[in-house]
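The chains referred to below are lettered A, B, ... by the order of the sequence lines, with proteins before strands, and numbering in each begins at 1. Treat the numbers as computed from the prediction; the structure is a model and nothing was measured.
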Amino acid sequence: MNASLFDDFHDRGLLHQSTDAQRLREWLSTPGRRVYAGFDPTADSLHVGHLVALVLLRRVAAAGHEPVALLGGATGMIGDPSGRSEERNLLSTDELAANVAAVERQIRSVLATAGSTVHVVNNADWMRGVGYLAFLRDVGKHVPLSQMLGKDSVKSRLERDGGLSYTEFSYMLLQAWDFVHLSDALDCRVQIGGSDQWGNITAGIELGRRLRSRELHGITCPLLTKSDGTKMGKTASGAVWLDPQRTSPYRFFQYWMNLEDDDAGLCLRRLTELSLDEIAALDASRQENASARQTQQRLAEELTRLVHGDAGLAAAQQATAVFFGGDIEGLDEATLVEIFAEVPSHDFPLGAVEHDEGLPLVEALQATGLAASRSQARRTIEQGGAYVNNRRIREPAYALRPDDLAGRQVVVLRSGKKSYALARFTA
RNA sequence: GGGGAGUUUCCCGAGCGGUCAAAGGGGUCAGACUGUAAAUCUGAUGGCAUUGCCUUCGCAGGUUCGAAUCCUGCACUCCCCA
C-alpha cells in the first residue's frame, strides 16, 4: 500500500497542521502504527462533519496502519468547548449510553471495509475508575495553567460574555490523558482530528512528554466549509446525518449532488478514495463540460455507498430517477412506498376512486397538502404544474380513477418540479 | 397631563363615498430557460364555484341606495410639548 500516509494527507489537502513532519514521516514509515481519532457521542448519530475523521481513519488503514476510533463515553459527559461559543448542556447518562452505542455502530460500519485491523475503544472504560484526587495528582499536576489558558478554545471563550465553566475547562485534560493512555495501552502515538482539535491534541503531546518522556505526534485537517462560508453538512433543515432514519439515503445522496462545483471537487479529494488521477480527470471534465456534473455524481455515489452500502446507494439512485421525472408506472407497490417514504401522504377510502365520478384531482391536491385550497389547486393545474404519476394534467376537472393507481392503491401526486405527495387508497 | 399621526389582504405600502378582492414592491406558488445551480423572463397569489356568490381593510356601533374610504366610542402603536 501507499508508503506515506503523511504525503497522502498532504496531496489531498487534508493537512492543516502537524507536529514535526520529518519525525512523523519517520514514525509512520514502519507499517502497523496505530493512529487515533476521537468521536464524542453528542447525538445518537454522527453527521457529515464527522465524515472527515472517519475517512482519515480509512486512509490510515489503507496506508498499512491500524486505525483506532475512540468513543468519548467519558469526555461526552463533559463536553468539548473547542469550536463552541456557548456552554454545552450536559447529557443524561442514559442518553449518553444510547448515543455511544449508536455511534459505535456507525463507526464500525464505515470502517468495516477499511482493510485493516480496526480498534474501537471507549474512554469511559479507563476513566470510570479514576478518582478525582488521583487524577489531580497524576495528571493535573503536570499541566501548567499558563498552557491551558493559552489555548484558543479557552481564550476565545473567556473573552465572551458567557465564559466557560470549570467543567468544560477541564475537558482538555481528559483528552490529553486519553492520548497518553492509548500510547500506554496500544502504543498509539499519533492523533488526528479536525483543526479545532489542535489545542487538545497538543495538550496530550505535552502531557506525554512530561509524564512518559514519550514522543507523540499530531495531525489536524482543515474543517470542511463550503465556498459560501457555511459549514459543510448543514442544510436549511438541519444537519445531514449518517443515520438513515434521520437523513434518508436519498437525501444524503442529493446533498452531495447539489454541491457547488468547487466544493464538490474539494470533497472528492478529501472524502473519497478515488485515486488522484481519477480526480484530476474529473477536474478536467468539469472544466470542459460542467453541465454534465460528473463530479457531483461520482461524489454522491462514493459517499452514499460508504455510508449506506450498495443497497442504500441503489435506493437513492432509484428515488433520484423517479423524483426527476422518471417513469412511475413500472414500479411495484413496495418500491413506491419505499421511495416516497419521506413524502407527505394522505389516506382516502378506496370507494373515492371507484365510483363513477372518481376523486377530483383538485380535492386530492388539497387533501395531501400540495395546495392550500381548492382554488390554488385549480390554478396549479391550469398553469401546468400538476402531475399524476409524473404525467402532467392540464384539465382542472380531472378526476382520479382506478386506472390511475400506480401499484395497487397508491397515486403519486406532484405539484411543480419537486413537491410530491402520496395518495393512498385503502378499503 | 396636553397636542399630533397612525392601525389595509403573508410582509412593506398605496387607496380617502361607488368603476375596490383593493395600485406597487417583497415573499410565496406555478411556467419557460438552465447544470436537480445562480440569474433572468412570464403568469398566479382571500374562499367557494366552469362567467356567479360569500368573507376581508384594528374592534364595536352609526350615517348613506352604497363605506377600506364619513361620524361616534373602544383598543393598541408612534411622534411632539410638559
Side-chain angles (χ1 to χ4, degrees), chain A residues 48 224-237 240 247-268 281-304 312-328 339-340 342-344 346 356-400 412-421:
Chain A
V48 162
L224 279 181
T225 50
K226 295 202 283 186
S227 50
D228 61 10
T230 57
K231 262 189 195 163
M232 187 68 76
K234 284 273 184 234
T235 67
S237 49
V240 179
T247 301
S248 72
Y250 166 72
R251 275 193 287 145
F252 184 84
F253 184 89
Q254 284 295 322
Y255 177 77
W256 303 107
M257 230 13 224
N258 281 313
L259 285 185
E260 300 278 325
D261 293 355
D262 290 348
D263 292 335
L266 212 65
C267 285
L268 208 56
L282 284 165
D283 284 345
S285 99
R286 208 158 63 238
Q287 291 290 316
E288 280 165 35
N289 184 13
S291 63
R293 298 157 55 75
Q294 285 175 352
T295 305
Q296 282 89 339
Q297 189 100 33
R298 197 61 205 276
L299 177 66
E301 272 172 33
E302 290 294 318
L303 293 180
T304 308
L313 174 60
Q317 286 176 323
Q318 197 167 28
T320 296
V322 170
F323 280 127
F324 290 90
D327 202 8
I328 284 181
I339 289 177
F340 290 98
E342 58 193 289
V343 138
H346 189 266
D356 295 347
E357 261 102 74
L359 176 69
L361 179 55
V362 170
E363 202 166 298
L365 287 174
Q366 199 235 16
T368 51
L370 285 183
S373 67
R374 293 159 150 271
S375 304
Q376 203 178 89
R378 198 165 288 114
R379 261 177 245 128
T380 303
I381 298 172
E382 280 164 1
Q383 295 181 134
Y387 299 80
V388 170
N389 297 329
N390 274 354
R391 279 200 331 271
R392 178 179 271 171
I393 302 296
R394 305 205 80 129
E395 308 89 65
Y398 190 88
L400 297 173
V412 178
L413 300 174
R414 177 177 141 208
S415 158
K417 283 189 171 53
K418 288 181 186 167
S419 322
Y420 283 84

Rounded to whole angstrom, note down the [atom1] distance from [N] over to [M].
| N | M | atom1 | value |
| --- | --- | --- | --- |
| B/rG26 | B/rC41 | P | 10 Å |
| B/rU45 | B/rU36 | C1' | 26 Å |
| B/rC54 | B/rU19 | P | 15 Å |
| B/rU40 | B/rA5 | P | 42 Å |
| B/rG52 | B/rA21 | C1' | 15 Å |

Roughly how many Å is it from [atom1] in [X] to [atom2] in [N], rounded to a whole number?
| X | N | atom1 | atom2 | answer |
| --- | --- | --- | --- | --- |
| A/Lys226 | B/rA38 | NZ | C1' | 14 Å |
| A/Gln294 | B/rU36 | CD | P | 13 Å |
| A/Gln254 | B/rG35 | CD | P | 17 Å |
| A/Tyr250 | B/rU36 | OH | C1' | 8 Å |
| A/Ile381 | B/rU45 | CD1 | C1' | 16 Å |
| A/Leu365 | B/rG47 | CG | P | 15 Å |
| A/Tyr420 | B/rU36 | OH | P | 14 Å |
| A/Leu259 | B/rA38 | CG | P | 13 Å |

Next item on the list: Could you identify which residues of residues 382-393 of chain A place a heavy atom less than 4.0 Å from some atom of RNA chain B, listed by residue number, or say none?
Entry: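 Of all residues in residues 382-393 of chain A, the ones placing a heavy atom under 4.0 Å from RNA chain B are A/Gln383, A/Gly384, A/Gly385, A/Tyr387, A/Arg392.
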
Checklist line | Phosphate contact (B/rU34 OP1 or OP2) by A/Ser291 side-chain N/O below 4.0 Å | finding: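 No, because none of the side-chain N or O atoms of A/Ser291 sits under 4.0 Å from OP1 or OP2 of B/rU34.
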
Note to self: From the set B/rU36, B/rA32, B/rG35, return the single nucleotide nearest to any side-chain atom of A/Lys417.
What the structure shows: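 When the side chain of A/Lys417 is considered, B/rA32 is the closest of B/rU36, B/rA32, B/rG35.
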
Next item on the list: Please determine, for the side chain of A/Arg379, which listed nucleotide (B/rA30, B/rG35, B/rG47) has the closest atom?
Entry: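 So the side chain of A/Arg379 is nearest to B/rG47.
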
Please tell me if the side chains of [X] and [Y] come closer than 4.5 Å, counting only heavy atoms from C-beta onward.
| X | Y | result |
| --- | --- | --- |
| A/Trp256 | A/Val48 | yes |
| A/Ile381 | A/Leu365 | yes |
| A/Ile328 | A/Phe340 | yes |
| A/Val240 | A/Arg251 | no |
| A/Lys231 | A/Lys226 | no |
| A/Leu259 | A/Met232 | yes |

Check: Taking the nucleotide of RNA chain B with the closest heavy atom to each, which residue, A/Arg394 or A/Gln296, is nearer the 5' end?
Finding: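 First, find each residue's nearest nucleotide; the 5'-ward one identifies A/Arg394.
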
Margin query: Heavy-atom nearest nucleotide on RNA chain B for A/Ser415 versus A/Arg293: which residue maps closer to 5'?
Written below: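 Residue closer to the 5' terminus by nearest nucleotide: A/Ser415.
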
Margin query: So A/Thr320, base contact, sugar-phosphate only, or nothing? Heavy-atom distance under 4.0 Å.
Written below: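 Answer is base: heavy atoms of A/Thr320 come under 4.0 Å of a base.
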
Next item on the list: Applying side-chain hydrogen bond (donor to acceptor under 3.5 Å, both in side chains) between A/Asp261 and each of A/Arg293, A/Gln296, A/Arg286, report the one that passes.
Entry: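 The side-chain hydrogen bond (donor to acceptor under 3.5 Å, both in side chains) with A/Asp261 is passed solely by A/Gln296 among A/Arg293, A/Gln296, A/Arg286.
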
Notebook entry, point to check: Around atom CG of A/Asp262, are there more than 12 heavy atoms of other residues, nucleotides or ligands at under 6.0 Å?
Noted result: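 No, CG of A/Asp262 has 12 or fewer neighbouring heavy atoms, counting only those of other groups under 6.0 Å.
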
Notebook entry, point to check: Take atom CD in A/Glu357; do more than 12 heavy atoms of anything else shown fall under 6.0 Å from it?
Noted result: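 No, because the 6.0 Å sphere around CD of A/Glu357 holds 12 heavy atoms or fewer from other groups.
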
Notebook entry, point to check: Is a donor-acceptor pair below 3.5 Å formed from side chain A/Asn289 to base B/rG35, judging by atom type as modelled?
Noted result: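 Flag unset: no donor-acceptor pair detected.
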
Checklist line | Test item: A/Tyr420 side-chain N/O and A/Val412 main-chain N/O as donor-acceptor pair under 3.5 Å | finding: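 No; zero donor-acceptor contacts below 3.5 Å.
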
Item checked: Per-nucleotide protein contact string for nucleotides 48-54 of chain B, where B marks a base within reach and S marks sugar-phosphate only (heavy atoms under 4.0 Å, - for neither) -> BB-----

